[in-house]
Amino acid sequence: MSIATNITSIKAELESIKVKLIAVSKTKSAEAITEAYQAGQRDFGENQVQELVEKHNLLPKDITWHLVGHLQTNKVKYIASFINLIHSVDSLKLLQEINKQALKNNRVIDCFLQIYIADEDTKFGLEFDEAIEILRSEEYLQMRNIRITGLMGIASNTESIKRIQEEFYELSMFMKGLKKSYFEGKEYFNEISMGMSSDYKIAIEYGSTMVRLGSTIFGKR
Ligand SMILES: *Cc1c(COP(=O)(O)O)cnc(C)c1O
């Protein structure tokens, strides 16, 4: 199946249930992205700063760019002028740097806290209590140039559907709790970025509002 066909059919599937599609285009060429773009896709995700910057320079300016991979503090400055959403905030220090660089660019950058839900030690993310610590910190409360609009999680890479279900369930319960305790009346805090090619159908059952699909759209990397 072509990239365009994949986009069309997945978009149709997701639009009816109001789940947003982020096309994860890491390692894929500008031509591949253009094919998806011409099929109507506007939200693209990358996991490396340099690749993201190059593609942003090359491709249409109405693309919405998502950073979905780990972000080093010293690289925030390269994307602060244009990035639309950072899914992978995993420390207060990183959030402070994003806030600082956003201020320099006179904008507010939307961010997700990346929560560690997998039963593996290879993935980045905050433990539940670390996320709460950030939300309670004086530093966070002073920030004016970032806005936390949701959470991101990556489930374990496992054959066990039950385990994946449990991990997505935990993230979605945590989201509910945070909404009540820290985002009362803040309508913008309402996104859960969970689900990749192998598990997005499960993620949707557990309340995902954004799925990040790479290989399902662009083929194997
Ligand atoms: C690569 C990547 C994806 C997409 O993975 P696929 O399995 O190809 O759909 C989603 N999220 C993150 C954080 C990624 O790095």
Side-chain angles (χ1 to χ4, degrees), residues 1-11 13-14 19-30 32-33 35-36 39 41-56 63-72 75-76 79 83-91 94 98 110-126 131 148-161 163-164 167-168 171-172 175 191-221:
M1 289 244 271
S2 73
I3 293 170
T5 320
N6 294 339
I7 288 286
T8 308
S9 72
I10 297 166
K11 266 178 106 65
E13 174 189 345
L14 296 178
V19 171
K20 188 162 208 169
L21 171 63
I22 313 304
V24 179
S25 47
K26 62 189 188 200
T27 77
K28 299 296 173 179
S29 66
I33 297 176
E35 186 179 342
Q41 181 65 20
R42 291 295 178 272
D43 289 85
F44 291 90
E46 290 285 334
N47 73 336
Q48 286 199 0
V49 166
Q50 193 184 333
E51 194 176 338
L52 171 59
V53 169
E54 283 167 10
K55 287 172 176 173
H56 169 258
I63 286 179
T64 297
W65 289 105
H66 299 249
L67 186 77
V68 300
H70 181 64
L71 177 58
Q72 285 175 276
K75 294 195 174 162
V76 175
I79 60 170
I83 192 73
N84 297 102
L85 180 49
I86 298 173
H87 290 232
S88 45
V89 173
D90 59 1
S91 72
L94 176 58
I98 297 169
D110 284 346
C111 296
F112 292 164
L113 295 179
Q114 181 176 351
I115 307 298
Y116 180 83
I117 52 172
D119 195 10
E120 299 168 4
D121 48 33
T122 51
K123 286 180 181 149
F124 294 102
L126 296 157
I148 295 178
T149 56
L151 302 178
M152 189 270 257
I154 302 174
S156 296
N157 182 9
T158 169
E159 294 295 304
S160 167
I161 291 177
R163 192 153 106 202
I164 295 170
E167 291 170 359
F168 286 149
L171 186 60
S172 121
M175 175 87 191
E191 303 283 355
I192 310 187
S193 167
M194 59 183 192
M196 309 177 27
S197 292
S198 60
D199 56 20
Y200 77 96
K201 291 189 184 187
I202 306 173
I204 289 168
E205 283 174 44
Y206 285 84
S208 172
T209 65
M210 253 184 211
V211 294
R212 308 177 310 270
L213 306 186
S215 45
T216 297
I217 293 168
F218 296 106
K220 277 205 292 271
R221 281 183 299 272

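Both ligands and their constituent atoms are indexed starting at 1 by order of listing. Basis for what follows: all heavy atoms, side chains included, without hydrogens, waters or symmetry-related copies. This is a predicted model, so every value here is computed, not measured.
The shortest N or O to N or O distance between Gly214 and ligand 1 is under 3.5 Å. Some N or O of Arg212 is nearer than 3.5 Å to an N or O of ligand 1, by distance alone. Residue contacts with ligand 1: Ser215 is placed with a nitrogen or oxygen under 3.5 Å of a nitrogen or oxygen of the ligand (distance criterion only). Ligand 1 has a nitrogen or oxygen under 3.5 angstrom from a nitrogen or oxygen of Lys26.
Within a 6.0 Å radius of CD in Gln50, no more than 12 heavy atoms belonging to other residues, nucleotides or ligands are found. No more than 12 heavy atoms of other residues, nucleotides or ligands lie within 6.0 Å of NZ in Lys20, so this atom counts as exposed by the packing criterion.
Scanning both residues, Thr27 and Lys55, for their nearest heavy atoms gives N-NZ, 3.9 Å.
Within ligand 1, the atoms closer than 4.0 Å to a non-hydrogen atom of Leu213 are 9 (O), numbered from 1 in the order shown.
Of all protein heavy atoms, the one closest to atom 6 (P) of ligand 1 is Ser197 OG, 3.5 Å. Nearest protein neighbour of atom 13 (C) of ligand 1, counting heavy atoms only, is Val68 O, 3.3 Å. Shortest contact from atom 5 (O) of ligand 1 to any protein heavy atom: Met196 CE, 3.5 Å.
Atom NE2 of His70 is separated from atom CG of Asn47 by 11.5 Å, given to the nearest 0.5 angstrom. Here the CD-CD1 distance, from Glu35 to Ile217, works out to 11.5 Å after rounding to the nearest 0.5 Å.
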When you look at Gln114 and Ser88, which way does the side chain to side chain donor-acceptor pair (under 3.5 Å) test go after all the steps? CA-CA 5 Å; Gln114 181 176 351; Ser88 45; 4.8 Å; no
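The aromatic rings of Trp65 and Phe44 sit tilted, their planes meeting at an angle between 30° and 60°.
The residue His87 has no part lying near ligand 1, judged by heavy-atom distances below 4.0 Å.
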